[in-house]
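Notes follow the structure.
All values reported here derive from a predicted model rather than from experimental measurement.
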Number of protein chains: 2
Amino acid sequence: MQAVDSRFLESMLGYNARRASLVILGHFVEGMADFALGPVDFSVLSLVRHNPGITSRQLCAALSILPPNVVGLVSALEQRGLLKRKPHPHDGRAVGLHLSAAGETLTKAAEAKAEALENEAAANLNASDRKTLMRLLQKVYL
Amino acid sequence: MQAVDSRFLESMLGYNARRASLVILGHFVEGMADFALGPVDFSVLSLVRHNPGITSRQLCAALSILPPNVVGLVSALEQRGLLKRKPHPHDGRAVGLHLSAAGETLTKAAEAKAEALENEAAANLNASDRKTLMRLLQKVYL
DNA sequence: TATTGTTATACTCTATAACTATA
DNA sequence: TATAGTTATAGAGTATAACAATA
């Protein structure tokens with residue numbers, strides 16, 4: 001197959017960010033198969049772990065997902081016995097999310113695995129490059 | 001709404017790359033509405049422009065999309081009169097893609113618009129930062 | 001009146017299997 | 001037999017509208 005001139009697209013930030021994120025995501029999904037967790041599942045569990053009592057609404061804001069789509073996500077994790085819904089202490093409308101003991105164990109292990117996958121995905125980058133890359137990406141989206 | 005501790009996720013390369021690419025993509029889609037082109041439509045047209053006679057298969061490889069999904073994409077652009085299929089000179093199975101005059105005009109304008117959007121999306125980055133960001137992203141996915 | 005969580009639903013994107021015609 | 005393009009289809013992911021309960 002003949003070579004393709006992709007120089008224009010490769011000069012675009014969006015193209016590069018998308019390609020990189022697809023590669024990293026693919027690697028993540030593959031490595032996280034042991035835990036049967038998708039990237040969003042993992043993000044939800046990790047956020048609940050570090051923010052016990054977090055609400056659906058806060059998850060939506062933190063992950064840029066929409067309320068109707070968080071319902072099935074949380075229900076599935078609840079059905080697997082990984083997290084629990086508890087009534088919110090100050091707001092009768094809201095529901096606080098908490099990890100079960102099993103959820104705590106699995107999430108901790110999944111976070112360790114995520115960090116290992118991270119190191120593999122960034123194998124071509126030294127520590128300084130990686131720090132710089134993070135900082136610049138955050139400058140774009142924050 | 002209370003603040004959420006996202007420090008763990010923010011320490012992950014995949015999370016940052018995805019967030020950044022979503023922001024850039026959103027900005028791109030919004031600004032490209034004048035041309036009625038999605039990100040992939042734009043990428044296809046731009047690749048055809050710089051690689052006249054490119055095949056579906058080459059598009060798939062260059063953009064990480066699958067053959068069945070390129071069919072409707074190309075058909076729609078063909079129906080809008082932006083590109084044409086021509087028999088491949090050396091391979092009877094393949095079809096070469098070429099821009100029409102209208103496609104050439106629109107793609108050139110869309111590329112200019114894309115570069116303008118690019119500058120807006122990277123407004124928080126100076127020239128040096130932007131170059132560095134590109135280089136590091138390519139180190140991840142190439 | 002505004003917000004939280006929810007249901008139902010639709011639309012887009014992406015993925016797999018199988019066919020045809022050429023090589 | 002292998003590859004290019006295609007069809008049909010299934011599954012994620014993402015989107016909007018509307019509702020009940022609570023603020």
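- Closest approach to the A/Pro67 side chain among D/dA4, C/dG5, C/dT6 is made by C/dT6 (side chain taken as heavy atoms from C-beta onward).
- Between the side chain of B/Asn69 and the base of C/dA15, at least one donor-acceptor pair of N or O atoms lies under 3.5 Å.
- Within the structure, every side-chain polar atom (N or O) of A/Arg93 is placed at least 4.0 Å from both OP1 and OP2 of D/dA21.
- Positionally, the nearest nucleotide of DNA chain D for A/Leu66 lies more toward the 5' end than for the other of A/Leu66 and A/Asp91.
- When rounded to the nearest whole Å, the span between CG of A/Leu73 and P of D/dT14 equals 10 Å.
- B/Leu59 places its CG atom 14 Å from the P atom of C/dT14, with the value rounded to the nearest Å.
- When each of D/dA17, C/dG5, D/dT6 is scored by its nearest atom to the side-chain atoms of A/Val95, the top-ranked nucleotide is C/dG5.
- A straight line from CG of B/Leu63 to P of C/dA15 spans 13 Å, rounded to a whole angstrom.
- No donor-acceptor pair under 3.5 Å is formed between the side chain of B/Ser46 and the backbone N or O of B/Ser43.
- Here the P atom of nucleotide C/dT3 and the CD atom of A/Gln58 are 15 Å apart, to the nearest Å.
- Here the shortest heavy-atom pairing between A/Arg85 and A/Glu78 reads NE-OE1, 2.7 Å.
- When rounded to the nearest whole Å, the span between CD1 of B/Ile65 and C1' of D/dG5 equals 14 Å.
- Centroid-to-centroid, the aromatic rings of A/Phe42 and A/Phe35 stay 6.0 Å apart or farther.
- Nearest-nucleotide positions on DNA chain C for A/Leu22 and A/Val71 put A/Val71 closer to the 5' end.
- Side-chain N/O atoms of A/Arg85 include one lying less than 4.0 angstrom from OP1 or OP2 on C/dT6.
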task = Show your working on side-chain hydrogen bond (donor to acceptor under 3.5 Å, both in side chains) between A/Asn16 and B/Arg135 and close with a plain yes or no.
result = CA-CA 9 Å; A/Asn16 287 288; B/Arg135 183 175 59 77; over 6 Å; no
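- Position along DNA chain D of the nearest nucleotide to A/Gly38 versus A/Gly92 favours A/Gly38 as the more 5'-ward residue.
- Atom-to-atom, CG of B/Leu25 to P of D/dA15 comes out at 11 Å; the value is rounded to the nearest Å.
- The side-chain heavy atoms of B/Arg80 and B/Leu37, taken from C-beta on, include a pair separated by under 4.5 Å.
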